[in-house]
**Q** 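Pasting in a structure now, in structure tokens, and then I'll have a few things to ask.
In what follows, chains are A, B, ... by sequence order, proteins preceding strands, each numbered from 1. No hydrogens, no waters, no symmetry mates; every other heavy atom, side chains included, goes into these values.
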Amino acid sequence: MSRYNAKEVEAKWQAAWEQEKCFEAEADSSKPKYYVLEMFPYPSGRIHIGHVRNYTMGDVVARYKKAQGFNVLHPMGWDAFGLPAENAARDQGVHPAEWTYANIAHMRDELKSMGLSLDWSKEIATCHPGYYGQQQKLFLDFLEKGLVYRKESWVNWDPVDMTVLANEQVIDGKGWRSGAVVEKRKLNQWMFRISDYSQDLLESLENLDRWPDRVRLMQQNWIGKSQGAHVSFDIVGETEPLEIYTTRPDTLFGASFMAVSADHPLAQRLAKESNQIADFIAECHQMGTSEEVIEKAEKRGVDTGLEVMHPFIEGKKLPIYVANFVLMEYGTGAIFGCPAHDQRDLDFARKYGLEVTPVVASGPDENPEIGNEAYTGPGKIINSDFLNGLEIESAKTEIIGRLEELGKGSATVNYRLRDWGLSRQRYWGCPIPVVHCEACGVVAEKEENLPVKLPEDVTFDKPGSPLEHHPSWKHVPCPSCGKEAVRDTDTMDTFVDSSWYFARFCSPRAEQPVEREKVDYWLPVDQYIGGIEHAILHLLYSRFYSRAMKETGWSHIDEPFDGLFTQGMVTHETYRSESGEWLLPEEVTSNDNGDLIELANGRPVKVGGIEKMSKSKKNVVDPGAIIDKFGADAARWYVLSDSPPDRDMEWTDAGATGAWRFKQRLHRFVVETVEKTGQTESVEPSEFSEAALKLRKVAHKTVASVTRNIEDLHFNNAIARIYEFMKALNEFDISNLADDEKWALTESMEIIVRLVGPMMPHLAEELWQMLGKEELLALSAWPAARPDLIVEDQITMAVQVKGKLRATIDVAKDEQQDRVEEIALAQKSVQNAIGENAIRKIIVVPNRIVNVVI
RNA sequence: GCGGGUGUGGCGGAAUUGGUAGACGCGCUGGUUUUAGGUACCAGUUUCUUAUGAAGUGGGGGUUCGAUUCCCUCCACCCGCACCA
């Protein structure tokens with residue numbers, strides 16, 4: 001028998017699918033649609049195993065849904081703008097466009113070698129003017145609707161490179177290339193009004209019942225709705241009060257200081273008169289813009305010398321500090337500090353010797369000690385005049401009422417979600433299609449001038465943005481008055497590109513952002529698959545974009561992704577040489593003793609932890625090499641089989657080998673069986689032998705469970721069931737087959753090939769042909785499980801005594817309860833375990849378990 | 001720091017969601033066949049144990065007739081934190 005040659009077979013079927021245009025989808029309102037989408041990749045140059053895992057999962061769903069009779073849209077594109085292309089331009093002198101398109105070409109080939117059921121006719125790249133021009137059109141529509149506005153906001157500024165840095169480019173407060181201490185700077189930037197949608201984005205999460213709970217929870221917390229209060233404090237000797245936001249107005253009597261952000265107008269004003277404050281603010285501005293850095297930093301502040309009057313405690317004054325842990329972006333940028341009941345405030349108070357007054361008591365103790373831990377739990381209010389004895393919630397209501405009477409505060413709903421700043425001072429992104437005119441101000445580019453294309457002749461040798469430096473690009477006439485004006489030289493955040501690509505796929509070549517009939521048919525995406533790292537920003541921004549596109553008439557939906565699945569990462573062991581250098585897995589082999597050694601020189605290798613694959617630790621495997629070695633089917637099978645799809649999986653060569661072996665085994669089995677048994681009658685026999693019936697039962701049960709497992713995206717379980725089925729097939733004696741047994745065997749072979757189809761499509765297609773099928777497997781229907789073959793009439797029940805397993809009994813399905821008890825008690829091992837003890841009661845869970853309680 | 005998650009044999013994991021823990025795969029051990037260079041098949045494989053049992057799902061505690069599953073607490077690792085994508 002000739003060996004299965006994966007390379008030839010895989011290429012053959014890929015060509016066949018392409019020739020038949022199997023996966024090209026057209027909107028067709030007579031058929032039910034199913035839109036499967038995996039998060040599109042950034043064209044970094046090569047696909048990695050994470051991509052293989054992600055796209056294989058999507059492909060299984062796409063092929064399965066197609067077999068179920070759906071009109072399936074399964075497109076692919078490229079998230080092609082972004083920083084790495086500019087870094088490559090700087091480091092290697094290659095133009096971002098050239099670098100990007102070369103990467104796309106290579107990655108497209110790699111993806112094609114995986115045999116994915118993608119509609120390549122709908123391919124898009126966000127860096128193509130055909131895409132970003134339409135994005136500019138959307139932007140102008142949003143602008144007209146008031147969904148975009150300009151505002152000053154903070155950026156990380158590298159004073160040596162004279163450029164804005166991304167958070168990841170700031171390392172320990174310093175620029176990654178220059179090493180210069182990074183400053184916060186204010187720039188005029190475009191913002192999307194996503195915060196106007198806070199309530200809607202929050203409420204609608206409830207209906208996203210095909211999203212993972214944890215993602216919904218993370219979004220809920222990110223939006224961060226809080227019920228609190230605004231409180232005005234009179235500043236001693238000033239006319240303007242200090243306005244704060246708090247979620248704990250009930251702790252107002254425990255206030256011992258006020259704190260404002262370094263960016264608060266009050267701090268800014270005082271800095272002009274006080275060097276100490278100015279210096280402190282300058283220090284705060286060296287902290288970077290990320291919330292993580294701010295929260296982790298030591299709580300510090302400087303006393304302004306100003307004081308406020310406590311609104312309820314006669315004569316009590318509280319000092320105002322400028323503090324590094326107060327965020328200008330949240331609430332009003334000012335707080336009152338209640339150290340006893342907030343950890344940050346407590347750390348701060350201990351550092352500056354401020355008073356700590358407990359106002360919530362957890363127990364009967366009327367004056368609990370506060371050590372170095374703030375008390376944030378429930379309790380009764382103490383030390384708080386008219387609030388004493390109240391529970392926290394009623395105290396909140398009470399004090400807000402009193403504040404309102406005094407005109408010094410009111411109940412307020414606050415959201416943590418901030419507007420989305422989209423301006424980037426970079427070249428490789430979508431130009432913002434507006435012009436700044438001295439006479440007319442900010443003017444939208446005329447629609448007929450779209451796309452505003454990126455200039456190609458740019459250099460990256462100067463610090464700052466190439467668009468800013470370009471000799472002519474930015475100089476254009478004002479679209480309104482025609483006088484000399486300048487383009488906005490900023491480009492859009494790449495999150496904008498990925499916030500509507502799923503809609504563009506419906507009509508990828510349209511001369512407008514989308515064609516309504518197409519998006520009306522295809523959207524929303526029925527199953528979206530991608531990494532958990534996008535749980536918040538990308539998904540939230542896309543949800544906002546859908547709403548904004550609805551408001552501007554481009555779509556009918558609020559929620560873009562009906563079903564969401566977040567897959568885990570792929571990890572690998574790490575290896576180091578004797579001298580401590582990281583080694584690639586392919587540089588490592590094992591010797592006769594099973595110890596790992598370096599392939600090059602035979603020296604021992606130190607094995608490190610299992611970590612997320614990363615270039616820096618070299619624990620990466622190249623999918624191209626894997627596919628070359630094992631074939632695409634084996635690679636696909638392995639990434640599906642090994643771990644639950646939402647969890648991290650560890651890549652091991654042994655695992656891939658196991659997948660390869662199964663592929664060979666299945667191939668050999670079908671080939672040999674067909675050789676021995678030949679063709680079968682197509683008419684189903686009326687009677688089956690016991691062995692044939694047994695096989696059929698396994699086959700149909702497998703259909704039922706694999707179908708359910710794929711619906712639930714539990715691919716690893718589907719594969720385990722297929723392995724069990726394979727075992728049953730192996731046990732089936734194929735010598736001297738009667739006609740009915742032959743028929744049952746053929747049925748089972750067809751079923752296993754069909755079930756394997758979405759996962760190992762090339763092998764399955766090959767075997768399908770071998771079974772005499774004319775139609776492509778890719779176009780044929782999913783098998784149905786016969787209900788009469790999947791029910792069992794005998795059930796094995798467990799018998800426990802005091803919760804410990806003592807016996808199992810075989811009984812008829814749905815056997816009478818007292819009969820079950822009788823059989824259970826008749827077991828010798830059960831009697832032994834009961835011994836002299838009296839039986840207190842017997843619990844019988846039908847068809848499951850008997851528990852004798854003594 | 002804040003928010004979210006994960007933890008089960010030597011390894012990846014399963015457990016119909018409160019009902020026989022370890023399905024299935026890998027690895028390993030023994031055997032059969034001899035494939036001579038990722039071979040196939042059969043048997044075994046949680047740990048301890050006086051072979052009767054006992055313990056066991058990251059540690060500790062709790063609820064329950066019964067807990068991998070629910071609650072509390074601690075530990076370890078992972079993801080996100082608004083300019084990486």
**Q** Apply ring pair (Phe, Tyr, Trp, His ring centres under 6.0 Å) to A/Phe544 and list each qualifying residue two or more places apart in sequence or on a separate chain.
**A** A/Phe192, A/Tyr197
**Q** How would you label the glycosidic angle of B/G60: syn (within 90° of 0) or anti?
**A** anti
**Q** Taking all heavy atoms of A/Met726 and all of A/Arg665, pick out the closest pair and write down the distance.
**A** CE-O, 4.4 Å
**Q** So if I take residues 702-712 of chain A and measure heavy-atom distances to RNA chain B, which residues fall below 4.0 Å?
**A** none
**Q** Record whether the side chain of A/Glu291 comes under 3.5 Å of the base of B/C81 through a donor-acceptor pair of N or O atoms.
**A** no
**Q** Which nucleotide sits closest to the side chain of A/Leu217: B/G7, B/G4, B/C84?
**A** B/G4
**Q** In B/S/- notation, 5' to 3', how is nucleotides 18-31 of chain B contacted by protein heavy atoms closer than 4.0 Å?
**A** -BB--BSSSS----
**Q** Listed by chain and number, what are the ring pair (Phe, Tyr, Trp, His ring centres under 6.0 Å) partners of A/Tyr132, not counting sequence neighbours?
**A** A/Phe81
**Q** Determine the stems involving RNA chain B; a stem requires 3 or more consecutive pairs of the Watson-Crick or G-U wobble kind, each with both distances below 3.5 Å, and the answer is none if no such run exists.
**A** B:1-7 with B:75-81, B:10-12 with B:24-26, B:27-32 with B:40-45, B:46-48 with B:53-55, B:58-62 with B:70-74
**Q** Taking A/Asp161 for its side chain and A/Thr163 for its backbone only, find out whether a donor-acceptor pair lies under 3.5 Å.
**A** no
**Q** Going by salt bridge (Lys or Arg N to Asp or Glu O under 4.0 Å), name the residues that satisfy it together with A/Glu168, two or more places apart in sequence or in a different chain.
**A** none
**Q** Just N and O in the side chain of A/Lys804: are any of them under 4.0 Å from OP1 or OP2 of B/A55?
**A** yes
**Q** Which nucleotide in the list B/A40, B/G4, B/A85 gets nearest to the side chain of A/Arg668?
**A** B/A40
**Q** Are A/Arg424 and B/C83 close enough that a side-chain N or O sits under 4.0 Å from OP1 or OP2?
**A** yes
**Q** So, A/Arg416 side chain and A/Trp222 main chain: donor-acceptor pair closer than 3.5 Å or not?
**A** yes
